[in-house]
Protein chains: 2
Amino acid sequence: MVLSRTSQYAIQALIYIATQPAGEPVLNRDIAERLNVPSAYLAKILQNLCKQGLLDSFRGRLGGFCLREGMHKTSLMQALALTEGPDFTKSCILGLKECSDETACPMHFKWLPVKKKIIALLEDMTLEDLAKAVQTGKYRLSDLPSGVMA
Amino acid sequence: MVLSRTSQYAIQALIYIATQPAGEPVLNRDIAERLNVPSAYLAKILQNLCKQGLLDSFRGRLGGFCLREGMHKTSLMQALALTEGPDFTKSCILGLKECSDETACPMHFKWLPVKKKIIALLEDMTLEDLAKAVQTGKYRLSDLPSGVMA
DNA sequence: ACTCCTCAAGACATTTGTGTCCGATTATAG
DNA sequence: CTATAATCGGACACAAATGTCTTGAGGAGT
């Protein structure tokens, strides 16, 4: 309804990485297994996040993916800007190229406040926050009934 | 960000038809031209809406598409249920198959009130309302800079 | 009856999103 | 230093959504 599958995988993976000890690379394979998503596909998503500067990757033995220094504070909004493209919030709900206060579609003024709520929410939540929530054990990241382990 | 292109076309077309005099069939070609969308593709979308009972279609001369009797009061929610599938609001924002109050993803309780706002909005707006808004001339249905004519 | 105009239906093409494979790169072991 | 095992990286393959085309069916006017 709102996010592409690619973005969903990306967010899930980022949260999972954020739950792991910082500085210790996490294997793509482990993430994929834990989240129950196709590992080769996930690898590509993570690669992209590396290019964009959110993650660091290390090849060879003891390799894997880490959140880059300081990126624990990254908001969902920032992360989604990387996976969905920078202006995924700009769009008109009816698909008009240009839909502003001056040239508005009939939904515009009703939709605007709701959209702002969505954006505010996404900007408010950070990977760190979500990781902590998961670590309490009250929330799940995958469909599997297994708990969250370090 | 929220709706598929198919749904966007469908909504646009429905609103446009609702602005036209009831009982007088509207040509697919005219709608496509007015909204600036591919006519063959739009035809399929309208065809589908006919099968689902929202529209009536008439072949031959003086043919075209009409809103079925009483369907001016249709809400966007109802229309979208036809194009996106009946449970397009049920989905978890992170893509989990099961995400309820009991088995929640870390976004669940933050996302829920926003989702409710979206649903309430979509249920509140009817084709009739939107058509009237367009008829005031203050709002546009397409990207073209042309006004709204009967 | 004939003709023109419309939608109906299916096959086909293109684009985008999703998923897979194999080679390049790196760290450790010997 | 070389071999080897483990990992990422980028090219490749598949699927679904989007968009196009052609042919046929049905209805209105002449």
Side-chain angles (χ1 to χ4, degrees), chain A residues 1-13 17 20 23-33 35-68 80 82-85 88 91 94-95 97, chain B residues 1-13 17 20 23-68 80 82-85 88 91 94-95:
Chain A
M1 176 180 180
V2 171
L3 300 180
S4 68
R5 200 180 232 87
T6 297
S7 291
Q8 292 175 340
Y9 289 168
I11 300 290
Q12 288 179 28
I17 294 174
Q20 300 306 108
E24 290 183 18
V26 188
L27 294 193
N28 171 65
R29 190 199 326 140
D30 289 346
I31 305 172
E33 195 173 314
L35 302 179
N36 203 26
V37 306
S39 75
Y41 186 36
L42 179 63
K44 206 198 291 198
I45 297 171
L46 296 179
Q47 279 171 32
N48 177 44
L49 292 175
C50 284
K51 275 193 201 152
Q52 310 244 25
L54 231 189
L55 294 177
D56 281 321
S57 68
F58 305 95
R59 293 189 180 185
R61 284 197 172 192
L62 302 187
F65 296 91
C66 283
L67 270 177
R68 187 168 284 190
L80 289 173
L82 302 183
T83 58
E84 296 275 328
F88 84 108
S91 58
L94 287 189
K97 308 245 189 320
Chain B
M1 176 179 180
V2 171
L3 300 181
S4 69
R5 195 169 238 105
T6 296
S7 291
Q8 291 175 339
Y9 290 166
I11 300 291
Q12 289 178 28
I17 293 174
Q20 300 306 107
E24 290 184 19
V26 188
L27 295 193
N28 171 65
R29 189 199 326 140
D30 289 346
I31 306 173
E33 196 173 315
R34 175 68 183 73
L35 302 179
N36 202 29
V37 305
S39 76
Y41 189 36
L42 179 64
K44 272 198 195 168
I45 296 172
L46 296 180
Q47 213 168 305
N48 177 44
L49 291 175
C50 284
K51 276 190 199 153
Q52 310 243 26
L54 233 187
L55 294 177
D56 280 321
S57 67
F58 304 94
R59 296 187 181 188
R61 281 200 173 189
L62 304 185
F65 295 91
C66 283
L67 270 178
R68 187 168 285 190
L80 289 173
L82 301 183
T83 58
E84 296 275 327
F88 84 107
S91 57
L94 287 188

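In what follows, chains carry the letters A, B, and so on, assigned in the order in which the sequence lines appear, proteins first and then strands, with residues in each chain numbered from 1. Note that the coordinates shown come from a computational prediction; the quantities given were computed from them, not determined experimentally.
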Revision key, fill the gap. Of all heavy-atom pairs linking B:L46 and B:A13, the shortest is CD2-CB, 4.0 Å

Check your understanding: Can you find a pair of side-chain heavy atoms, one from B:E33 and one from B:S39, that are under 4.5 Å apart?
Key -> no

Exercise for review: Please report the shortest heavy-atom distance between A:A32 and A:P38, naming the atom on each side.
Suggested key: CB-C, 4.5 Å

Practice item. Using atom CG of A:L42 as one end and atom P of D:dT7 as the other, report the distance to the nearest whole Å. Key: 14 Å

Check your understanding: Are a donor atom and an acceptor atom from the side chains of A:S4 and A:E84 found within less than 3.5 Å of each other?
Key -> yes

Practice item. Return the value, rounded to whole Å, for the distance between atom CD1 of A:I45 and atom P of C:dT16. Key: 18 Å

Exercise for review: Using a heavy-atom cut-off of under 4.0 Å over every strand shown, decide if A:L27 touches base, sugar-phosphate, or nothing.
Suggested key: sugar-phosphate

Review point. A:F58 has an atom CZ; how far is it from atom P of D:dA5, in whole Å?
Key: 24 Å

Check your understanding: Below 4.0 angstrom from OP1 or OP2 of D:dA17, is there any side-chain N or O of B:T6?
Key -> no

Check your understanding: Over how many whole Å does the gap from A:L3 atom CG to C:dG17 atom C1' extend?
Key -> 15 Å

Filtered N/O pairs between nucleotides 26-30 of chain D and protein, under 3.5 Å:
unit_1	atom_1	unit_2	atom_2	d
D:dG26	O4'	B:R59	NH1	2.9
D:dG26	N2	B:G60	N	3.0

Review point. Contact class for A:A43 vs. all strands (heavy atom < 4.0 Å): base, sugar-phosphate, or nothing?
Key: nothing

Study note, to complete from the structure: Per atom distances to the B:F65 side chain, the nearest of C:dA8, C:dG19, D:dC8 is C:dA8

Exercise for review: Check the distance between C:dT14's P and B:R5's CZ and give it to me in whole angstrom.
Suggested key: 18 Å

Review point. Would you say A:T6 and A:N48 make side-chain contact, with heavy atoms under 4.5 Å?
Key: no

Point to revise | Whole angstrom value for the distance that separates P of D:dA17 from CG of B:N48 | key: 13 Å

Practice item. Round to the nearest Å and state the distance from B:Q47 atom CD to D:dA25 atom P. Key: 15 Å

Study note, to complete from the structure: In terms of heavy-atom contacts, A:L55 and A:R68 come closest through O-NH2, 3.8 Å

Point to revise | Comparing A:G63 and A:K51 on DNA chain D - which has the more 5′ nearest nucleotide | key: A:G63

Revision key, fill the gap. From CD1 of B:I31 across to C1' of C:dT6 the rounded distance in Å is 13 Å

Check your understanding: Heavy-atom distance under 4.5 Å between the side chains of A:I31 and A:V37, does that happen here?
Key -> no

Review point. For the base of D:dT18, is there a side-chain donor-acceptor partner from B:K44 under 3.5 Å away?
Key: no

